[in-house]
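Structure first, commentary second.
Order of listing sets the numbers, starting from 1, for every ligand and every atom in it.
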Amino acid sequence: MHNRSWAEPFKIKMVEHLRMTTRAERERAIAEAGFNTFLLRSEDVYIDLLTDSGTSAMSDRQWAGLMLGDEAYAGSANFYHLEAAVRQYYGYKHVIPTHQGRGAEHILSRLCISPGQYVPGNMYFTTTKHHQELAGGKFVDVVVDQAHDPDSNFPFKGNVDLDKLGRLVEEVGTSKIAYLCLATNVNMAGGQPCSLANIRDACALCRRHGIRVFHDATRAVENAYFIKLREPGYAHKSLAEILREICSHTDGCTMSAKKDCLVNIGGWLAVNDDELADAARNLVVVYEGLHTYGGLAGRDMEAMAIGIRESVEFDHMRARIGQVEYLGRRLMEAEVPIVRPIGGHGVFLNARKFLPQIPREQFPAQSLSAALYVDSGVRAMERGAVSAGRDLITGNNTFPALELVRLTIPRRVYTQAHMDVTAESVISVYENRDKVVGLEFTYEPKHLRFFQSRFRPVTGERVFTA
Ligand code: P70
């Protein structure tokens, strides 16, 4: 079986029509959107690779599950199905649903961070860091150096750097550390996994110092897949076994179920500690909803419970990551600069290498995602300086080592032919890269600026003049 190419372990039952646009229409649409792909109307997008979040195609079983929604305000049967699935596959004791991942991050940050505390993490994620800061915490990056190098082929670029973590503990003392925020399949590094050996060691270090570890489990199953393929000793374990082992080292997790769990909306907070669970259940009623629905409909929780079971099936993950690799390989063959190794949820273009003529102050990744949309209607997402935002203290723009454009692949949605068209478009923009111009802000909001910022080209009216 495994000497054959991967193919989707499903067939298509319903189709959603896409609208094709002309280049002139796209020029107008991106200008109206302030050259920010978040502000495009989805009707104007052909292949939508903005995100893998909430964009999955649900299975017929999940759709059937929607019809079993128990919309009771309290004690919905679907909550208990979700709770059982999380306990079985992730292994945490207490499960508190939230409307999506950031709802869980909000509750956890409020409960576990005191003002002035540090929160080490294996690379920042935008919403996670924002909630940590709103709670008075300070994020400290403790990911391995390889994560910041797009050309490093290290197989576990998501790993925690134990020296960096140890040094922080020594410098500030355990009482100043809120917890370790441990992300699996690190998003901002390019969808890069942690090894189980590293997870074990990082969590052991924390335990020795009495520091808790909370896991951002958003893409933990994708991480489990890479462990199975790459880490000695795991080839014969199931994804479900590896997932349980990952989670067993940590004290709880936040989850955006809109990714691995194959649903369009939902999330949860899970913890093992009884007192913390009580406090979280109490706080969730203030911000999300009663602790047996957390801002979701009963049907959403049912779809999530079913999605969790489907997500750990090996053939599903093999096809999912196989598709991402297919796109990545096509771009590598054309020598387009991408982050290596190819990640789990998308292919990340290295905009600094792609557009060396655009200075970082003119946001090359933002320009590149706008140019790609103009070329073909493919929508990508900036993951560089605009996403990183400003320094809390100085107010200056921060320029992370990685200035990337993410081509994020929704699960079970697009075909290999869509990947071909995407690759052809990226390659054609690459061939005409000298015709892409930089951008400057015309509007910059206070919180998570990348979502709503507006820009204009630094010269002329068009971002891509090819
Ligand atoms: C994405 C989405 C969400 C996310 C995540 C990790 C590792 C938490 C969350 C929050 C959506 C997104 C969010 C902010 C900026 C751009 C896009 N990631 N942890 O596309 O979960 O969205 O459910 O509140 O990746 O990567 P939620």
Side-chain angles (χ1 to χ4, degrees), residues 36-40 42 48-56 97-109 119 121-134 139 141 143 147 158 181-194 214-223 246 252-270 287-288 294-296 300 304 307 324 343-348 365-366 369 379-389 400 402 404-411 413 445 447-453:
N36 182 350
T37 54
F38 276 107
L39 300 179
L40 287 167
S42 108
D48 201 348
L49 307 185
L50 183 71
T51 177
D52 62 330
S53 182
T55 52
S56 296
T98 58
H99 77 285
Q100 59 183 73
R102 69 199 73 179
E105 292 172 344
H106 176 209
I107 306 286
L108 180 72
S109 301
V119 193
N122 50 343
M123 215 163 206
Y124 85 101
F125 185 72
T126 52
T127 57
T128 320
K129 177 166 167 265
H130 201 70
H131 279 296
Q132 292 165 355
E133 288 170 351
L134 288 175
F139 169 82
D141 186 16
V143 78
C181 178
L182 176 77
T184 37
N185 236 50
V186 177
N187 190 352
M188 299 301 275
Q192 304 291 333
C194 309
F214 291 106
H215 173 200
D216 183 337
T218 297
R219 296 183 184 83
V221 190
E222 292 179 355
N223 198 122
I246 295 172
C253 81
T254 54
M255 172 57 107
S256 170
K258 300 169 74 175
K259 285 81 165 175
D260 268 359
C261 305
L262 298 163
V263 289
N264 304 122
I265 192 70
W268 74 73
L269 172 65
Y287 294 104
E288 303 278 316
L296 298 168
D300 299 326
M304 239 193 302
V324 175
H345 63 303
V347 176
F348 292 66
Q366 189 76 33
S369 45
R379 169 155 71 171
M381 186 192 288
E382 192 265 7
R383 298 276 75 177
V386 179
S387 293
L402 299 178
L404 308 177
V405 169
R406 188 181 72 175
L407 301 164
T408 341
I409 313 301
R411 296 166 187 77
V413 170
H447 299 290
L448 300 170
R449 64 179 184 179
F450 50 90
F451 283 128
Q452 291 144 340
S453 286

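- If you number the atoms of ligand 1 from 1 as listed, the ones under 4.0 Å from a heavy atom of Met381 come out as 16 (C), 17 (C), 20 (O).
- Nearest protein heavy-atom contact of atom 10 (C) of ligand 1 is Thr127 OG1, 3.4 Å.
- In plain terms, the two heavy atoms of Met255 and Ala217 that are nearest each other are CE-O, 3.2 Å.
- Without hydrogens or angle criteria, Asn36 side chain to Ser453 main chain gives a donor-acceptor distance under 3.5 Å.
- Every atom of ligand 1 is numbered from 1 in the order shown, and the set under 4.0 Å from a heavy atom of Thr51 is 1 (C), 20 (O).
- Contact annotation: for His99 versus ligand 1, there are no heavy atoms closer than 4.0 Å.
- Only the side chain of Lys258 comes within 4.0 Å of ligand 1, counting heavy atoms alone; its backbone N, CA, C and O stay farther away.
- Glu105 OE2, 3.0 Å is the protein heavy atom nearest to atom 8 (C) of ligand 1.
- Considering both main-chain and side-chain atoms, Arg406 comes within under 3.5 Å of ligand 1 through a nitrogen or oxygen pair.
- Residue-ligand proximity: Arg383 is placed with a non-hydrogen atom under 4.0 Å from ligand 1.
- The distance from ligand 1 to the heavy atoms of Phe450 drops below 4.0 Å at these ligand atoms: 15 (C), 16 (C).
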Take Thr184 and Asp216 through the side-chain contact (heavy atoms from CB on, under 4.5 Å) test and state the conclusion after the steps.
CA-CA 6 Å; Thr184 37; Asp216 183 337; over 6 Å; no
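- Atom 27 (P) of ligand 1 has as its closest protein heavy atom Gln100 NE2, 3.3 Å.
- In this structure, the side chain of Glu288 does not engage the main chain of Gly295 through any donor-acceptor pair within 3.5 Å.
- Thr128 pairs by the side chain to side chain donor-acceptor pair (under 3.5 Å) definition with Glu105, not counting sequence neighbours.
- Cys261 has its side chain within reach of Trp268: a pair of non-hydrogen atoms, C-beta onward, lies under 4.5 Å apart.
- Protein heavy atom in closest approach to atom 23 (O) of ligand 1: Ser256 OG, 2.6 Å.
- Of the candidates Asn185, Asp216, Thr55, Asn187, it is Asp216 that places a heavy atom closest to atom 6 (C) of ligand 1.
- When Arg102, Met123, His131 are ranked by how near their heavy atoms come to atom 22 (O) of ligand 1, first place goes to Arg102.
- Considering backbone and side-chain atoms together, Asp52 places no N or O closer than 3.5 Å to any N or O of ligand 1.
- With hydrogens left out, the protein atom closest to atom 9 (C) of ligand 1 is Phe125 CE2, 3.5 Å, a heavy atom.
- Taking each heavy atom of Ala220 and Asp260 in turn, the nearest pair found is N-OD2, 3.0 Å.
- Of all protein heavy atoms, the one lying nearest to atom 3 (C) of ligand 1 is Lys259 NZ, 2.6 Å.
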After noting the C-alpha distance and the side-chain angles of Asn223 and Cys194, does the key distance pass the side-chain contact (heavy atoms from CB on, under 4.5 Å) rule?
CA-CA 7 Å; Asn223 198 122; Cys194 309; 4.1 Å; yes
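- For the side chain to side chain donor-acceptor pair (under 3.5 Å) criterion with Arg379, the lone passing option out of Asp48, Thr408, Thr37 is Asp48.
- Relative ring orientation between His447 and His130 is described as perpendicular, the plane-to-plane angle rising above 60° on a 0-90° scale split at 30° and 60°.
- With a heavy-atom cut-off of 4.0 Å, His345 does not touch ligand 1 at all.
- Under the side chain to side chain donor-acceptor pair (under 3.5 Å) criterion, Arg411 pairs with Asp52, Glu222, not counting sequence neighbours.
- Of all heavy-atom pairs between Asp141 and Met123, the closest is OD1-N, 3.2 Å.
- Close contacts of ligand 1 with Thr126, meaning ligand atoms under 4.0 Å from a residue heavy atom, involve 14 (C), 15 (C).
- For a threshold of 3.5 Å applied to N or O pairs, the pair formed by Gly266 and ligand 1 contains no separation below that value.
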